[in-house]
Amino acid sequence: MYHPAWNGKQNARPLKRYHALDQRGLGQFGSPPGTPGKLDFLWSPEARVIGGLAAAFHGYKRNQSIGWAVWWSLWGVISPPFTNIVAGAQGFGKRKKRKC
């Protein structure tokens, strides 16, 4: 497809105002580049260790299985905020209800 801004003869200045946030001097959530954002602590190494341990506890208590504890721990380290939100929604550490 053809667009007038792709032609070197056309004025492409209107496209210059659309930059990524980091090119305008703003990082995540408006903080300057190189400084931690407001939610970066959720992905810190400490949060990953705590998230992995909490998720492992939940996985073991929920299913009474070391395999599930390892699986939950893995996801707790990879994505601590989301994994622990799911664990909380399932009832943190509560046994899975079995249908008979």
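Only this structure's heavy atoms are used, side chains among them; waters, hydrogens and symmetry mates stay out. Quick caveat, the model's predicted, so the values are computed rather than measured. Positions are given from 1, in the same order as the sequence printed here.
- Closest non-hydrogen pair, A47 versus P80, comes out as O-CB, 3.8 Å.
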Original post:
What's the verdict on side chain to side chain contact (heavy atoms under 4.5 Å, CB included) for R62 and Q90, showing C-alpha distance, side-chain angles and the deciding distance?
Top reply: CA-CA 9 Å; R62 182 167 172 81; Q90 290 181 346; 3.2 Å; yes
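- Under the 30°/60° scheme for interplanar angles, the aromatic rings of H58 and W72 are found to stand perpendicular.
- Under a hydrophobic-cluster definition in which Ile, Leu, Val, Met, Phe, Trp and Tyr are linked whenever side-chain heavy atoms come within less than 4.5 Å, directly or via other members, Y60 and L53 are assigned to different clusters.
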Subject >> Verdict with supporting geometry, S79 and W43, side chain to side chain contact (heavy atoms under 4.5 Å, CB included) >> reply: CA-CA 8 Å; S79 176; W43 301 97; 3.8 Å; yes
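- Under a hydrophobic-cluster definition in which Ile, Leu, Val, Met, Phe, Trp and Tyr are linked whenever side-chain heavy atoms come within less than 4.5 Å, directly or via other members, W68 and L74 are assigned to the same cluster.
- Taking each heavy atom of G51 and N84 in turn, the nearest pair found is CA-ND2, 3.3 Å.
- Taking both residues in full, the closest heavy atoms of A55 and G76 are given as CB-CA, 4.0 Å, listed atom of the first, atom of the second, then distance.
- Residue I66 places its CD1 atom among 12 or fewer non-hydrogen atoms of other residues, nucleotides or ligands, all under 6.0 Å distant.
- Of the possible donor and acceptor atoms, none in the side chain of S73 sits under 3.5 Å from a partner among the backbone N and O of V70.
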Original post:
Can you check side chain to side chain contact (heavy atoms under 4.5 Å, CB included) on W75 and F82, steps first, answer last?
Top reply: CA-CA 9 Å; W75 284 105; F82 303 118; over 6 Å; no
